[in-house]
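Just below is one structure, and these are the notes that go with it.
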Number of protein chains: 2
Amino acid sequence: MAWMTTTRWLTPDEMHAWRAFAQVNGPLLAALESDLTDHGLSLGDYEVLVLLSETTDHQMRMCDMSQHLGLSPSGLTRRLDGLVKAGYVERLPSTADRRVMLATITRIGLDTMARAVPDHVASVRLHLIDRLTPQQIEVLGTIFDNVGIGLGRTPAIP
Amino acid sequence: MAWMTTTRWLTPDEMHAWRAFAQVNGPLLAALESDLTDHGLSLGDYEVLVLLSETTDHQMRMCDMSQHLGLSPSGLTRRLDGLVKAGYVERLPSTADRRVMLATITRIGLDTMARAVPDHVASVRLHLIDRLTPQQIEVLGTIFDNVGIGLGRTPAIP
DNA sequence: AGAGTGTAGTTGCGTGTACAATAATTTGCA
DNA sequence: TGCAAATTATTGTACACGCAACTACACTCT
(Lines give C-alpha, C1' and ligand atoms only; values in the text may rest on other atoms or scores of the structure.)
Protein backbone atom coordinates (compact mmCIF):
# COMPACT_ATOMS: atom_id res chain seq x y z
CA MET A 1 0.00 0.00 0.00
CA ALA A 2 1.19 3.50 -0.77
CA TRP A 3 2.15 5.83 2.02
CA MET A 4 -0.86 7.67 3.31
CA THR A 5 -0.24 11.19 4.51
CA THR A 6 -2.92 13.74 5.33
CA THR A 7 -2.67 16.83 3.18
CA ARG A 8 -1.52 20.01 4.85
CA TRP A 9 -4.06 22.44 3.45
CA LEU A 10 -3.36 26.11 2.99
CA THR A 11 -4.19 28.52 5.78
CA PRO A 12 -6.38 31.52 4.86
CA ASP A 13 -3.31 33.75 4.56
CA GLU A 14 -1.51 31.22 2.41
CA MET A 15 -4.58 30.65 0.24
CA HIS A 16 -5.00 34.39 -0.19
CA ALA A 17 -1.39 34.87 -1.24
CA TRP A 18 -1.51 31.97 -3.68
CA ARG A 19 -4.80 32.98 -5.27
CA ALA A 20 -3.80 36.62 -5.59
CA PHE A 21 -0.58 35.58 -7.28
CA ALA A 22 -2.20 32.99 -9.55
CA GLN A 23 -4.97 35.30 -10.68
CA VAL A 24 -2.91 38.44 -11.26
CA ASN A 25 0.21 36.92 -12.76
CA GLY A 26 -1.25 36.32 -16.21
CA PRO A 27 -2.88 39.73 -16.64
CA LEU A 28 0.30 41.43 -15.41
CA LEU A 29 2.43 39.77 -18.06
CA ALA A 30 -0.24 40.46 -20.66
CA ALA A 31 -0.22 44.16 -19.77
CA LEU A 32 3.57 44.36 -19.97
CA GLU A 33 3.54 42.58 -23.32
CA SER A 34 0.78 44.80 -24.65
CA ASP A 35 2.74 47.96 -23.83
CA LEU A 36 5.63 46.70 -25.98
CA THR A 37 3.65 46.09 -29.16
CA ASP A 38 3.96 49.75 -30.17
CA HIS A 39 7.61 49.03 -30.87
CA GLY A 40 6.83 45.87 -32.83
CA LEU A 41 8.32 43.66 -30.14
CA SER A 42 6.96 40.82 -28.07
CA LEU A 43 8.14 40.38 -24.51
CA GLY A 44 10.18 37.41 -25.69
CA ASP A 45 11.80 39.41 -28.47
CA TYR A 46 12.62 42.15 -25.98
CA GLU A 47 14.28 39.68 -23.64
CA VAL A 48 16.51 38.45 -26.46
CA LEU A 49 17.59 41.96 -27.39
CA VAL A 50 18.29 42.91 -23.78
CA LEU A 51 20.33 39.76 -23.26
CA LEU A 52 22.43 40.40 -26.36
CA SER A 53 22.87 44.10 -25.65
CA GLU A 54 24.25 43.31 -22.20
CA THR A 55 27.04 41.08 -23.46
CA THR A 56 30.41 42.71 -24.04
CA ASP A 57 30.65 41.86 -27.75
CA HIS A 58 26.90 41.88 -28.40
CA GLN A 59 26.81 38.20 -29.27
CA MET A 60 26.05 34.90 -27.60
CA ARG A 61 25.88 31.20 -28.41
CA MET A 62 22.43 29.78 -29.06
CA CYS A 63 22.66 27.17 -26.31
CA ASP A 64 23.73 29.75 -23.73
CA MET A 65 20.83 31.96 -24.74
CA SER A 66 18.32 29.15 -24.42
CA GLN A 67 19.57 28.60 -20.87
CA HIS A 68 19.27 32.26 -19.92
CA LEU A 69 15.85 32.63 -21.52
CA GLY A 70 14.39 29.34 -20.25
CA LEU A 71 13.55 28.44 -23.83
CA SER A 72 13.95 25.13 -25.63
CA PRO A 73 16.54 25.01 -28.42
CA SER A 74 13.85 24.76 -31.07
CA GLY A 75 11.89 27.60 -29.55
CA LEU A 76 14.98 29.80 -29.62
CA THR A 77 15.70 28.88 -33.23
CA ARG A 78 12.27 30.07 -34.31
CA ARG A 79 12.37 33.16 -32.15
CA LEU A 80 15.64 34.13 -33.77
CA ASP A 81 14.14 33.46 -37.19
CA GLY A 82 11.70 36.28 -36.54
CA LEU A 83 14.33 38.64 -35.17
CA VAL A 84 16.64 37.92 -38.11
CA LYS A 85 13.86 38.57 -40.59
CA ALA A 86 13.14 41.87 -38.82
CA GLY A 87 16.82 42.78 -39.10
CA TYR A 88 17.39 43.04 -35.35
CA VAL A 89 19.73 40.06 -35.05
CA GLU A 90 22.21 38.25 -37.28
CA ARG A 91 23.53 34.69 -37.20
CA LEU A 92 27.30 34.27 -37.32
CA PRO A 93 28.87 30.81 -37.49
CA SER A 94 31.53 30.49 -34.83
CA THR A 95 35.04 29.94 -36.16
CA ALA A 96 36.20 28.36 -32.91
CA ASP A 97 33.49 25.69 -32.87
CA ARG A 98 31.76 24.99 -36.14
CA ARG A 99 28.71 23.55 -34.43
CA VAL A 100 27.98 26.87 -32.80
CA MET A 101 25.88 29.74 -34.09
CA LEU A 102 26.54 33.15 -32.57
CA ALA A 103 23.52 35.43 -32.43
CA THR A 104 24.58 39.06 -32.70
CA ILE A 105 22.40 42.11 -32.23
CA THR A 106 22.57 44.56 -35.13
CA ARG A 107 22.71 48.34 -35.10
CA ILE A 108 19.01 48.37 -35.98
CA GLY A 109 18.29 46.00 -33.13
CA LEU A 110 20.18 48.21 -30.69
CA ASP A 111 18.34 51.30 -31.89
CA THR A 112 14.99 49.57 -31.66
CA MET A 113 15.75 48.39 -28.16
CA ALA A 114 16.95 51.82 -27.09
CA ARG A 115 13.58 53.23 -28.15
CA ALA A 116 11.65 50.45 -26.42
CA VAL A 117 13.47 50.43 -23.09
CA PRO A 118 12.06 53.68 -21.63
CA ASP A 119 8.50 52.64 -22.43
CA HIS A 120 9.09 49.19 -20.99
CA VAL A 121 10.56 50.58 -17.78
CA ALA A 122 7.61 52.95 -17.51
CA SER A 123 5.30 49.97 -18.02
CA VAL A 124 7.00 47.97 -15.28
CA ARG A 125 6.68 50.99 -13.00
CA LEU A 126 3.05 51.59 -13.89
CA HIS A 127 1.85 48.04 -13.45
CA LEU A 128 4.14 46.77 -10.71
CA ILE A 129 6.83 48.84 -9.03
CA ASP A 130 4.98 52.10 -8.41
CA ARG A 131 2.08 50.20 -6.87
CA LEU A 132 4.34 48.91 -4.08
CA THR A 133 6.02 50.41 -1.04
CA PRO A 134 9.81 50.23 -0.78
CA GLN A 135 9.41 47.53 1.85
CA GLN A 136 7.13 45.49 -0.40
CA ILE A 137 9.63 45.84 -3.26
CA GLU A 138 12.40 44.49 -1.09
CA VAL A 139 10.28 41.58 0.09
CA LEU A 140 9.24 40.83 -3.49
CA GLY A 141 12.87 40.41 -4.48
CA THR A 142 13.58 38.19 -1.48
CA ILE A 143 10.51 36.06 -2.15
CA PHE A 144 11.43 35.24 -5.72
CA ASP A 145 15.08 34.75 -4.84
CA ASN A 146 13.96 32.11 -2.36
CA VAL A 147 11.55 30.49 -4.80
CA GLY A 148 14.20 30.54 -7.50
CA ILE A 149 16.68 28.79 -5.20
CA GLY A 150 14.10 26.06 -4.64
CA LEU A 151 13.83 25.68 -8.39
CA GLY A 152 17.58 25.34 -8.73
CA ARG A 153 18.33 28.90 -9.81
CA THR A 154 21.09 31.03 -8.38
CA PRO A 155 19.82 34.51 -7.51
CA ALA A 156 21.23 37.51 -9.39
CA ILE A 157 24.26 39.10 -7.76
CA PRO A 158 23.09 42.67 -6.97
CA MET B 1 6.99 67.92 -30.89
CA ALA B 2 6.11 65.11 -28.51
CA TRP B 3 6.44 65.61 -24.80
CA MET B 4 9.92 64.82 -23.66
CA THR B 5 10.21 63.29 -20.23
CA THR B 6 13.32 61.76 -18.77
CA THR B 7 12.83 58.12 -17.86
CA ARG B 8 12.72 57.26 -14.21
CA TRP B 9 15.02 54.27 -14.16
CA LEU B 10 14.73 51.48 -11.62
CA THR B 11 16.74 51.71 -8.41
CA PRO B 12 18.91 48.70 -7.55
CA ASP B 13 16.24 47.37 -5.18
CA GLU B 14 13.52 47.83 -7.78
CA MET B 15 15.63 46.26 -10.48
CA HIS B 16 16.43 43.32 -8.24
CA ALA B 17 12.76 42.73 -7.42
CA TRP B 18 11.70 42.97 -11.05
CA ARG B 19 14.44 40.70 -12.35
CA ALA B 20 13.90 38.10 -9.67
CA PHE B 21 10.21 38.04 -10.45
CA ALA B 22 10.64 37.99 -14.21
CA GLN B 23 13.21 35.20 -14.15
CA VAL B 24 11.54 32.90 -11.63
CA ASN B 25 7.93 33.31 -12.70
CA GLY B 26 8.13 31.05 -15.72
CA PRO B 27 10.00 28.18 -14.06
CA LEU B 28 7.63 28.33 -11.09
CA LEU B 29 4.57 27.87 -13.27
CA ALA B 30 6.37 25.16 -15.24
CA ALA B 31 7.11 23.27 -12.02
CA LEU B 32 3.52 23.51 -10.84
CA GLU B 33 2.27 22.32 -14.20
CA SER B 34 4.75 19.47 -14.31
CA ASP B 35 3.58 18.17 -10.94
CA LEU B 36 0.02 17.88 -12.27
CA THR B 37 0.80 15.75 -15.29
CA ASP B 38 0.67 12.57 -13.21
CA HIS B 39 -3.08 13.08 -13.05
CA GLY B 40 -3.39 13.71 -16.78
CA LEU B 41 -4.23 17.36 -16.23
CA SER B 42 -2.66 20.57 -17.40
CA LEU B 43 -2.71 23.61 -15.12
CA GLY B 44 -5.40 25.08 -17.38
CA ASP B 45 -7.52 21.94 -17.17
CA TYR B 46 -7.15 21.98 -13.40
CA GLU B 47 -8.31 25.59 -13.22
CA VAL B 48 -11.43 24.73 -15.19
CA LEU B 49 -12.29 21.82 -12.91
CA VAL B 50 -11.69 23.87 -9.76
CA LEU B 51 -13.85 26.68 -11.09
CA LEU B 52 -16.73 24.34 -11.92
CA SER B 53 -16.43 22.39 -8.69
CA GLU B 54 -16.75 25.59 -6.67
CA THR B 55 -20.06 26.64 -8.21
CA THR B 56 -23.20 25.60 -6.38
CA ASP B 57 -24.71 23.55 -9.21
CA HIS B 58 -21.36 22.52 -10.75
CA GLN B 59 -22.04 24.39 -13.97
CA MET B 60 -21.20 27.73 -15.56
CA ARG B 61 -21.78 29.63 -18.78
CA MET B 62 -18.91 29.62 -21.26
CA CYS B 63 -18.60 33.41 -21.38
CA ASP B 64 -18.48 33.67 -17.58
CA MET B 65 -15.79 31.01 -17.48
CA SER B 66 -13.67 32.79 -20.07
CA GLN B 67 -13.82 35.89 -17.87
CA HIS B 68 -12.79 34.03 -14.72
CA LEU B 69 -10.01 32.13 -16.48
CA GLY B 70 -8.65 35.04 -18.49
CA LEU B 71 -9.09 32.96 -21.62
CA SER B 72 -10.45 34.00 -25.01
CA PRO B 73 -13.78 32.47 -26.06
CA SER B 74 -12.14 30.37 -28.73
CA GLY B 75 -9.46 29.22 -26.33
CA LEU B 76 -12.09 28.12 -23.85
CA THR B 77 -14.04 26.27 -26.55
CA ARG B 78 -11.00 24.19 -27.43
CA ARG B 79 -9.99 23.65 -23.84
CA LEU B 80 -13.44 22.31 -23.12
CA ASP B 81 -13.20 20.08 -26.19
CA GLY B 82 -10.35 18.27 -24.50
CA LEU B 83 -12.09 18.04 -21.13
CA VAL B 84 -15.28 16.76 -22.76
CA LYS B 85 -13.35 14.13 -24.71
CA ALA B 86 -11.71 13.04 -21.45
CA GLY B 87 -15.14 12.75 -19.84
CA TYR B 88 -14.45 15.35 -17.13
CA VAL B 89 -16.94 17.93 -18.39
CA GLU B 90 -20.23 17.94 -20.31
CA ARG B 91 -21.88 20.61 -22.42
CA LEU B 92 -25.55 21.38 -21.65
CA PRO B 93 -27.51 23.84 -23.79
CA SER B 94 -29.22 26.38 -21.57
CA THR B 95 -33.00 26.37 -21.73
CA ALA B 96 -33.24 29.96 -20.49
CA ASP B 97 -30.99 31.40 -23.22
CA ARG B 98 -30.50 29.23 -26.24
CA ARG B 99 -27.25 30.97 -27.17
CA VAL B 100 -25.43 29.80 -24.07
CA MET B 101 -23.72 26.54 -23.35
CA LEU B 102 -23.45 25.42 -19.75
CA ALA B 103 -20.28 23.53 -18.94
CA THR B 104 -20.90 21.02 -16.16
CA ILE B 105 -18.32 18.95 -14.34
CA THR B 106 -19.06 15.23 -14.34
CA ARG B 107 -18.71 12.69 -11.56
CA ILE B 108 -15.50 11.50 -13.22
CA GLY B 109 -14.24 15.06 -13.35
CA LEU B 110 -14.96 15.57 -9.67
CA ASP B 111 -13.20 12.34 -8.75
CA THR B 112 -10.20 13.20 -10.88
CA MET B 113 -9.95 16.63 -9.31
CA ALA B 114 -10.32 15.20 -5.81
CA ARG B 115 -7.31 13.00 -6.50
CA ALA B 116 -5.30 15.85 -8.01
CA VAL B 117 -5.96 18.52 -5.38
CA PRO B 118 -3.76 17.13 -2.58
CA ASP B 119 -0.80 16.77 -4.92
CA HIS B 120 -1.35 20.24 -6.30
CA VAL B 121 -1.54 21.78 -2.84
CA ALA B 122 1.64 19.94 -1.91
CA SER B 123 3.25 21.28 -5.06
CA VAL B 124 2.26 24.86 -4.25
CA ARG B 125 3.69 24.35 -0.77
CA LEU B 126 6.90 22.81 -2.03
CA HIS B 127 7.69 25.40 -4.67
CA LEU B 128 6.22 28.56 -3.14
CA ILE B 129 4.52 28.68 0.24
CA ASP B 130 6.89 26.63 2.37
CA ARG B 131 9.85 28.64 1.07
CA LEU B 132 8.43 31.83 2.60
CA THR B 133 8.01 33.19 6.12
CA PRO B 134 4.50 34.05 7.33
CA GLN B 135 5.34 37.71 6.94
CA GLN B 136 6.49 37.19 3.35
CA ILE B 137 3.30 35.26 2.60
CA GLU B 138 1.19 38.10 3.86
CA VAL B 139 3.16 40.66 1.86
CA LEU B 140 2.90 38.49 -1.25
CA GLY B 141 -0.89 38.58 -1.02
CA THR B 142 -0.91 42.34 -0.50
CA ILE B 143 1.47 42.90 -3.40
CA PHE B 144 -0.63 41.04 -5.93
CA ASP B 145 -3.85 42.50 -4.58
CA ASN B 146 -2.39 45.95 -5.26
CA VAL B 147 -1.12 44.98 -8.70
CA GLY B 148 -4.46 43.38 -9.52
CA ILE B 149 -6.29 46.56 -8.55
CA GLY B 150 -4.08 48.49 -10.94
CA LEU B 151 -5.06 46.04 -13.65
CA GLY B 152 -8.74 46.54 -12.93
CA ARG B 153 -9.28 43.42 -10.83
CA THR B 154 -11.10 43.36 -7.55
CA PRO B 155 -9.18 41.41 -4.92
CA ALA B 156 -10.68 38.20 -3.55
CA ILE B 157 -12.81 38.67 -0.44
CA PRO B 158 -10.96 36.59 2.22
C1' DA C 1 44.36 7.49 -36.08
C1' DG C 2 39.62 5.64 -35.24
C1' DA C 3 35.40 4.35 -32.84
C1' DG C 4 32.27 5.79 -29.57
C1' DT C 5 30.14 9.36 -26.86
C1' DG C 6 28.58 13.95 -26.11
C1' DT C 7 27.11 18.65 -27.71
C1' DA C 8 24.88 22.39 -30.91
C1' DG C 9 21.50 23.65 -33.80
C1' DT C 10 17.57 22.77 -37.01
C1' DT C 11 13.25 20.57 -38.64
C1' DG C 12 8.74 17.82 -38.43
C1' DC C 13 4.88 17.38 -35.77
C1' DG C 14 1.45 18.03 -32.14
C1' DT C 15 -0.59 21.21 -28.80
C1' DG C 16 -2.45 25.46 -27.01
C1' DT C 17 -3.81 30.18 -27.72
C1' DA C 18 -5.54 34.63 -29.92
C1' DC C 19 -7.83 37.19 -33.64
C1' DA C 20 -11.28 37.60 -37.17
C1' DA C 21 -15.34 36.01 -39.27
C1' DT C 22 -19.69 33.61 -38.81
C1' DA C 23 -24.20 31.79 -37.12
C1' DA C 24 -27.77 31.76 -33.76
C1' DT C 25 -30.19 34.15 -30.44
C1' DT C 26 -31.59 37.90 -27.39
C1' DT C 27 -32.33 42.74 -26.28
C1' DG C 28 -33.55 47.51 -27.06
C1' DC C 29 -36.10 50.93 -29.08
C1' DA C 30 -38.90 53.34 -32.50
C1' DT D 1 -44.62 44.67 -33.79
C1' DG D 2 -40.39 44.75 -36.16
C1' DC D 3 -35.83 45.79 -37.15
C1' DA D 4 -31.07 47.20 -35.61
C1' DA D 5 -27.57 46.30 -32.26
C1' DA D 6 -25.52 43.48 -28.87
C1' DT D 7 -24.31 38.91 -26.97
C1' DT D 8 -22.81 33.90 -27.10
C1' DA D 9 -20.41 30.25 -28.90
C1' DT D 10 -17.88 28.05 -32.63
C1' DT D 11 -14.70 27.62 -36.68
C1' DG D 12 -10.77 29.00 -39.85
C1' DT D 13 -6.29 30.67 -39.65
C1' DA D 14 -1.89 31.97 -37.89
C1' DC D 15 1.65 31.92 -34.48
C1' DA D 16 4.59 30.32 -30.50
C1' DC D 17 6.38 26.60 -28.05
C1' DG D 18 8.11 21.75 -26.63
C1' DC D 19 9.48 17.04 -27.79
C1' DA D 20 11.70 13.79 -30.68
C1' DA D 21 14.49 12.86 -34.53
C1' DC D 22 18.23 14.25 -37.29
C1' DT D 23 22.75 16.28 -38.99
C1' DA D 24 27.07 18.09 -38.09
C1' DC D 25 30.82 18.64 -35.31
C1' DA D 26 33.92 18.13 -31.09
C1' DC D 27 35.89 15.46 -27.55
C1' DT D 28 37.74 11.08 -25.27
C1' DC D 29 40.02 7.00 -24.80
C1' DT D 30 42.54 3.32 -26.41
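Below, chain A is the first sequence line, B the second, and so on; all start at residue 1. Reckoned from all heavy atoms, side chains included, excluding hydrogens, waters and symmetry mates. Source: prediction; values computed, not measured.
- At most 12 heavy atoms of other shown residues, nucleotides or ligands fall within 6.0 angstrom of atom CD in B:Q67.
- Atom CG in A:L80 sits roughly 13 Å away from atom P in D:dA16 (whole-Å rounding).
- In summary, the side chains of B:H120 and B:D35 do not present any donor paired with an acceptor at a separation below 3.5 Å, with no hydrogens or angles considered.
- Across residues 86-104 of chain B, B:D97, B:R98, B:R99 each have a non-hydrogen atom less than 4.0 Å from an atom of DNA chain C (numbered order).
- The side chain of A:R79 contributes no N or O atom lying less than 4.0 Å from OP1 or OP2 of D:dA16.
- To the nearest 0.5 Å, atom CD of residue B:E33 and atom CG of residue B:D45 are 8.5 Å apart.
- When the P atom of D:dA16 is taken as reference, atom CG of A:L69 falls 15 Å away, rounded to whole Å.
- Separating the CG atom of B:L43 from the C1' atom of C:dT17 is a distance of 15 Å, rounded to the nearest angstrom.
- Atom-to-atom, CG of B:L41 to P of C:dG16 comes out at 12 Å; the value is rounded to the nearest Å.
- From B:Y46, atom OH reaches atom CG of B:D119 across 9.5 Å, with rounding to the nearest 0.5 Å.
- The distance between atom CG of B:D45 and atom P of C:dT15, rounded to the nearest whole Å, is 13 Å.
- Taking the six-membered ring where the residue is Trp, A:F21 and B:F144 present perpendicular rings, their angle passing 60° and hence far from 30°.
- One atom, CG of B:L83, and another, P of C:dT15, lie 15 Å apart when rounded to the nearest Å.
- Side-chain to base pairing of A:R78 with C:dG12: one donor and one acceptor N or O lie within less than 3.5 Å of each other.
- Side-chain atoms of B:M62 lie closest to D:dA9 of the nucleotides C:dA8, D:dA9, C:dA20.
- In terms of position on DNA chain D, the residue among A:L71 and B:D81 whose nearest nucleotide sits closer to the 5' end is B:D81.
- One donor-acceptor pair, N or O on each side, does fall under 3.5 Å between the base of D:dC19 and the side chain of A:S74.
- Taking atom CG of residue A:L76 and atom C1' of nucleotide D:dG18, one finds them 13 Å apart after rounding to whole Å.
- In this structure, A:R61 places its CZ atom 15 Å from C1' of D:dA24, rounding to the nearest Å.
- The number of heavy atoms from other shown groups lying within 6.0 Å of CD1 (B:I108) does not exceed 12.
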Criterion side-chain contact (heavy atoms from CB on, under 4.5 Å) on A:H16 and B:D145, from CA distance to verdict: CA-CA 9 Å; A:H16 174 215; B:D145 279 348; 2.6 Å; yes
